[in-house]
Amino acid sequence: MMVSDVEATTTAPALDIDALRRDFPILQRRIHGKPLVYFDNAATSQKPQVVIDCLDNYYKHYNSNIHRGVHTLSQEATAAYEGARHKIQHFLNAKSPKEIVFVRGTTEAINLVANSYGRTNIGQDDEIILSEMEHHANIVPWQLLCEQTGAKLKIIPINDQGELLLDKYAELFTPKTKLVAIVHVSNALGTINPIQSMVKIAHQHGVPVLVDGAQATPHMKVDVQALDCDFYTLSSHKMYGPTGVGALYVRQSILEDMPPYQGGGEMIQWVTFEKTTFNEIPFRFEAGTMPIADAIAFGTAIDYLQSIGLDRISQREQALLHYAEQQAADFPGLRIIGTAQHKASILSFLLDSIHAHDVGTILDNEGIAIRTGHHCAMPVMQHFHVPATARASFSFYNTFAEIDQLFEALHKVREVFAR
Ligand code: C6P
């Protein structure tokens, strides 16, 4: 069964997938003599030509340091960098650009919050609520904070579909709870968590909520005002932008009171050997020379995503996921890890008792790139009593024919191991 790639899954005009694929030069590559099938989008997405051109144009025409030059190049670079901040603000529907801090990515964003907000507001015997499906980036910074302060972690359990047990979540709150830090979309399972209702419960207890949005923002519309969350993190490289840059949204009233995380140039107002006063938000959190070109190209990636439309991207990716899950359901020896009712386009699976790395290696020989391993989410693997999974993660630019190729190649994997 083959589904057309120029189908109307919605009343909006259908996406022209062939044309979109031409935006991504790397999709023309061959791997081991076969056309590349790129199913490792959750690790990092590929980059469209407009993003590559944006970087090229910056270095060719206005490379300069920002916020510190009176000369033309510096003013152009500053305008483009601050323009990118505005694009992220509008993308997330934040109230003000002051609420957007440029960081290296989600990992740095969470470390910033743990070290700045955490060290100021979380102390001995206080409690931080996380979930069993967190990426290590949303576990380890909190563990380090707990070691430094004597605070404790409390964990929301998951069921065998890979969904949070929300009744257990509600029971975890005590007067000592100081923060909830929760993933929007699980990178290991694909589960989409009900952030809005989770934030509501936390706020009823007066507890702020950080949302790890690394895997959500490439796939769905995110509105931080509608979610009512207090912190939201995103990584450019998963959103068709460059590596090395991302953003942290913080509600303005909270950010105003947060102390600096790193000291250095740019983040200061006045420095003497006796005392330093700090710059206003968000600049107080952007010490040193930032990844200027990458931040600007992150803005271009956001323009690109919005030109396609997040609704159409969601619909397309849901159709791909549904198609893959149907094939997986009928596939001998295949077990899907993560069968939540609401999922993003991630298919984690095991095949017979074949190690995921062997599956990944044989698929690579067929030109198919997937990720294998624990996906930096070891507690999820522990829940399912597996060391690793194979993970295919789909982007709008993937095709139904590529999914057919995946399952044909999985038959080959079984044949190799049947010998
Ligand atoms: N997940 C994956 O293959 P950085 O590396 O800072 O941009 O993002 C870290 C991160 C945080 N949270 C979630 C839910 C993530 O998925 C990731 C990155 C990649 O799944 C690399 S481990």
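One-based numbering along the sequence shown. Numbering of ligands and ligand atoms starts at 1, following listing order. Hydrogens, waters and symmetry mates play no part in the numbers below; they use all other heavy atoms, side chains included.
- The nearest protein atom to atom 15 (C) of ligand 1, hydrogens excluded, is given as His135 CD2, 3.3 Å; this is a heavy-atom distance.
- Although no hydrogens or angles enter the test, the distance criterion places a donor-acceptor pair under 3.5 Å between the side chain of Arg284 and the main chain of Leu255.
- Here the protein heavy atom with the shortest distance to atom 9 (C) of ligand 1 is Thr107 OG1, 3.5 Å.
- Distance check: Glu134 CD to Ile158 CD1 gives 10.0 Å after rounding to the nearest 0.5 Å.
- The closest non-hydrogen atom to atom 8 (O) of ligand 1, taken over Ala137, Ala43, Ala216, Ser235, comes from Ser235.
- A tilted orientation is assigned to the rings of Phe331 and His411, their planes being inclined by 30° to 60°.
- Residue-ligand proximity, Val183 to ligand 1, at heavy-atom distances under 4.0 Å covers atoms 14 (C).
- In this structure, Phe24 and Tyr240 have perpendicular ring planes: the angle between them is above 60°, well past the 30° mark.
- Residues Met198 and Val209 have side chains not in contact (no heavy-atom distance under 4.5 Å, counting atoms from C-beta outward).
- At the top of the distance list for atom 14 (C) of ligand 1, counting protein heavy atoms only, stands Asp212 OD2, 3.5 Å.
- The ring-ring contact (aromatic ring centres under 6.0 Å, His included) contacts involving residues 203-225 comprise Phe173-His205, where partners must be two or more places apart or lie in separate chains.
- Using a 4.0 Å cutoff on heavy atoms, Arg104 does not count as a contact of ligand 1.
- A distance-only check finds no donor-acceptor pair linking the side chain of Glu402 to the backbone of Val37 [under 3.5 Å].
- In terms of protein heavy-atom proximity, atom 16 (O) of ligand 1 is nearest to Gln215 NE2, 2.7 Å.
- Each of the following atoms of ligand 1 lies closer than 4.0 Å to a heavy atom of Cys376: 22 (S).
- Within the structure, the closest approach of Glu134 to ligand 1 does not fall below 4.0 Å when heavy atoms are considered.
- Given atom 18 (C) of ligand 1, the protein heavy atom at minimum distance is Lys238 NZ, 2.9 Å.
- Of all atoms in ligand 1, listed by their number and element, those nearer than 4.0 Å to a heavy atom of Ala214 are 11 (C), 12 (N), 13 (C), 15 (C).
- Residue contacts with ligand 1, taken as heavy atom pairs separated by less than 4.0 Å, involve Arg391 solely via side-chain atoms from C-beta onward.
- Under the ring-ring contact (aromatic ring centres under 6.0 Å, His included) criterion, the residue pairs touching residues 113-145 are Tyr117-Phe231, His136-His374, with sequence neighbours excluded.
- Checked against a 3.5 angstrom limit, the closest N/O atoms of Arg371 and ligand 1 fall inside it.
- Using cut-offs of 30° and 60° for the angle between ring planes, the Tyr58 and Tyr62 rings count as perpendicular.
- The backbone of Ala42, and not its side chain, has at least one atom closer than 4.0 Å to an atom of ligand 1 (non-hydrogen atoms only; backbone = N, CA, C, O).
- Here's the thing with His375: none of its N/O atoms is less than 3.5 angstrom from an N/O atom of ligand 1.
- Look at Lys152 and Asp126 and you find no salt bridge, because none of the NZ, NE, NH1 or NH2 atoms lies under 4.0 Å from a carboxylate O.
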